[in-house]
Structure formats: structure tokens, C-alpha cells
J.: 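My structure is below; once you've seen it, I'll send some questions.
This chain uses plain numbering: 1 for the first residue, then up along the sequence.
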Amino acid sequence: MVAAQSILAKKAGAAVIKATVTKIRESSAGVQVETDDGAVYTAEKVLVAAGGFSINPDLLPARLDLTVFARTVAYFEVDEDEAEALGTVPSLIYKPEFDVDGIYLLPPIRYPDGRFYIKIGGDPDNVPLESEADVCAWFKSRGTKATREYLTRVLCDLMPGIRVLQSETGTCVTSYSPSGYPMIGFSPSDRIAVLTAGCGAGAKSSDEIGRLGAVLMAEGSLADEGYDVDFAPSFS
Ligand SMILES: Cc1cc2nc3c(=O)[nH]c(=O)nc-3n(C[C@H](O)[C@H](O)[C@H](O)COP(=O)(O)OP(=O)(O)OC[C@H]3O[C@@H](n4cnc5c(N)ncnc54)[C@H](O)[C@@H]3O)c2cc1C
């Protein structure tokens, strides 16, 4: 999805620079963005949309009130015959009536390694990540055994006859604002804005969330967008 969005951005005239931003700071000349390859870009305005990494204190002039949770997801490998037999299974968001924790499940999809996996996410544990270093370390890990076992039980309950070859886990994060809505607005600086906090539901709404970010940068405000919601970011 990010690859598709990057292609669309390029077609619309954006320059996509593949580098990690190490520092963003404001000066009288504008906003300087430093990257890990030593380059420095100067912009009139900057929108920081770094997902859970937006807690990085070097990206914004103040500490964002963002809670980032570690999430484990599981991939269950099935062979091509099983994948074909399950081919009409839809993507699923499942919330049991007597259980607060729901899951989402994707039908068998061929991944870049050529194999078919059913993916399930829905971590029952809310383990907060306090710093950018914690987020990086989490992404390099394989997730938790407890969530893997939980998601395996969920799969067996939902698809009792499934023939799984093997399973793997992956890691992810979800980020939340105090309001439960995305934070889209200027930081204490009127040149540096932030757009983050998908609150676990950012992907499906990302076209509109991104559009609001673009409007904010072009118009300076979201006042004319007709939303009855306060998207203002909060800082601690
Ligand atoms: C397990 C899981 C399941 C989910 N399921 C759903 C779902 O079913 N439906 C749904 O709608 N949403 C879902 N979400 C949420 C959705 O994925 C997120 O809300 C969404 O990806 C947030 O988009 P974003 O652009 O704000 O951040 P991200 O997608 O995290 O993008 C931030 C980008 O910034 C880059 N970045 C970070 N720091 C730097 C830096 N210093 N320099 C340069 N680049 C940097 C990152 O590499 C990344 O590419 C799920 C999330 C998880 C973890």
C-alpha cells in the first residue's frame, strides 16, 4: 500500500527520498531536515507523518502525547491447494460478543517469498513502547510467544479443518492519541506540523487522513473541512 501511495505521489510531482530523518529544526531560513546520509533539506513547512516513530523527540519541537503499543501478528503458511480451496474467504474483522479483543484475518495471499500465508493480527496485550529506540528494537524482534499462541487458538477456532504447514510471527505498532482521533495539526511551531495516531484504524482511512494533512499544509487549517472533531495534536 505504501509502495502504491509512493508511486501516486511521484506521479503527482512529489520527490521521494529514501533516507531516515535524524533531526528537524526551525531556523530563520525555514525548516531544516537532516537525514542519516548527511544531507540537509530546507523547506518552507514540514509535515511529520512518521506513524509510531513520531514519538522521536528529534522530529518535533515538543514531546507529542502519543501512546505507542507493541503488536505481534502471526502468519500461518498453507500450501497452494489449501490456498485455492480457501480462495473465497473474505478479509475478516471479528469481534466476539463476550470478548473485548477482536482480531482481523486476511485470506491466503502469496508473499514475496512465493509462499501462501493467512495473516492474523489482534494482540490482546497492550504493551506500551516509551521511546523511538524501543520502537526500533520491537520491530527487530519476532513478537511475543503468548500472542502467537493466542492467535493460533483463534485460527483453530475459526477454521477448525485448516491444514497449516508452519507459522511465523511479525511485529507492528499501533499509535493512539488521547482523543481517539488522528492528530493533524501544527506543533508549537507554525512551520512544523504533525499527522499521526491512526488509532489502529489508519490504513483504511489513509487516503482521507493524508488529504487532510495536505489541506493543512496548503491552507494552514482544517476549519473549512466540515469535521465536527478536534484533530489538534496534544503535547506534554
Ligand atoms: C497489527 C496491525 C494491524 C492493523 N490493522 C489495521 C486494519 O485492519 N485496518 C486499518 O485501517 N488499520 C490497521 N492498522 C493501522 C494502520 O496500519 C496504521 O494506522 C497506519 O499504518 C498508520 O499510517 P501512518 O502513515 O500514520 O504511519 P506508518 O504506516 O507507520 O508510516 C510511517 C512511515 O514513516 C517512516 N518513518 C518513521 N520515522 C522516520 C524517520 N525518522 N525518517 C524517515 N521516515 C521515517 C516509517 O518508515 C513509515 O514508512 C493496523 C496496524 C497494526 C500494527
Side-chain angles (χ1 to χ4, degrees), residues 1-68 129-140 172-179 181-199 202-203 205-227 229-236:
M1 184 173 169
V2 172
Q5 289 174 334
S6 299
I7 290 169
L8 288 173
K10 274 189 198 166
K11 281 188 178 164
V16 177
I17 301 162
K18 293 198 174 179
T20 299
V21 176
T22 50
K23 184 95 191 148
I24 297 177
R25 60 193 158 79
E26 196 180 352
S27 73
S28 53
V31 185
Q32 271 78 45
V33 177
E34 297 173 19
T35 54
D36 60 350
D37 53 7
V40 180
Y41 302 89
T42 300
E44 194 184 319
K45 289 184 208 164
V46 164
L47 177 64
V48 175
F53 292 93
S54 305
I55 56 170
N56 182 345
D58 291 327
L59 301 184
L60 289 165
R63 169 87 194 191
L64 191 62
D65 214 350
L66 185 73
T67 306
V68 183
L129 300 169
E130 303 293 346
S131 67
E132 199 226 5
D134 289 350
V135 177
C136 289
W138 172 252
F139 270 113
K140 286 175 187 159
C172 198
V173 300
T174 40
S175 50
Y176 290 83
S177 61
S179 68
Y181 290 103
M183 293 194 270
I184 314 170
F186 282 92
S187 65
S189 157
D190 58 5
R191 287 175 177 269
I192 305 173
V194 62
L195 182 157
T196 188
C199 303
S205 331
S206 60
D207 285 342
E208 175 63 1
I209 294 171
R211 190 190 67 80
L212 290 175
V215 169
L216 177 75
M217 298 313 278
E219 309 291 337
S221 137
L222 298 177
D224 296 335
E225 289 306 298
Y227 276 94
V229 164
D230 187 4
F231 292 119
S234 53
F235 296 88
S236 49

J.: Considering only heavy atoms from C-beta outward, does the side chain of Ile192 approach that of Leu60 to under 4.5 Å?
T.: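 A side-chain contact under 4.5 Å exists here.
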J.: Under a 4.5 Å cut-off applied to non-hydrogen side-chain atoms, are Ile55 and Arg63 in contact?
T.: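 Yes. Closest side-chain heavy atoms under 4.5 Å.
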J.: Just wondering, more than 12 heavy atoms not from Asp37 lying within 6.0 Å of its CG?
T.: yes
J.: Could you tell me whether the side chain of Ile17 reaches within less than 4.5 Å of the side chain of Thr35, counting heavy atoms only?
T.: no
J.: Indicate the atoms forming the closest heavy-atom contact of Gly213 with Leu195, along with that distance.
T.: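 In terms of heavy atoms, the two residues are closest at CA-CD1, 3.5 Å.
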J.: Indicate yes or no: at least one non-hydrogen side-chain atom of Val68 is less than 4.5 angstrom from one of Trp138.
T.: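 No; the side chains remain at least 4.5 Å from each other.
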J.: Val48 vs Thr196, test: side chain to side chain contact (heavy atoms under 4.5 Å, CB included). Steps then yes/no.
T.: CA-CA 8 Å; Val48 175; Thr196 188; over 6 Å; no
J.: Kindly give the heavy-atom pair with the smallest separation between Ser234 and Met183, and that separation in Å.
T.: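 Nearest pair, atom of Ser234 first, then Met183: N-SD, 3.5 Å.
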J.: Over 60° means perpendicular and under 30° means parallel, so tell me whether Tyr181 and Phe231 are parallel, tilted or perpendicular.
T.: perpendicular
J.: Identify the two heavy atoms, one from Met1 and one from Ala203, that lie closest to each other, and give their separation to 0.1 Å.
T.: CE-O, 3.2 Å
J.: Taking Val46's backbone N and O only, do any of them form a donor-acceptor pair with Arg191's side chain (distance below 3.5 Å, no angle check)?
T.: no
J.: Please give me the minimum heavy-atom distance between Phe235 and Phe186, naming the atom from each residue.
T.: CE1-O, 4.2 Å
J.: Would you say Lys45's side chain and Ala193's backbone share a donor-acceptor pair under 3.5 angstrom?
T.: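 The answer is no, because no donor-acceptor pair under 3.5 Å joins these two groups.
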J.: I need the minimum non-hydrogen distance between Pro61 and Pro188, along with the two atoms involved.
T.: CG-CD, 4.5 Å
J.: Using only atom types and a distance under 3.5 Å, with no angle test, would you say the side chain of Ser175 pairs donor to acceptor with the backbone of Gly51?
T.: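 Judged by distance alone, no pair lies under 3.5 Å.
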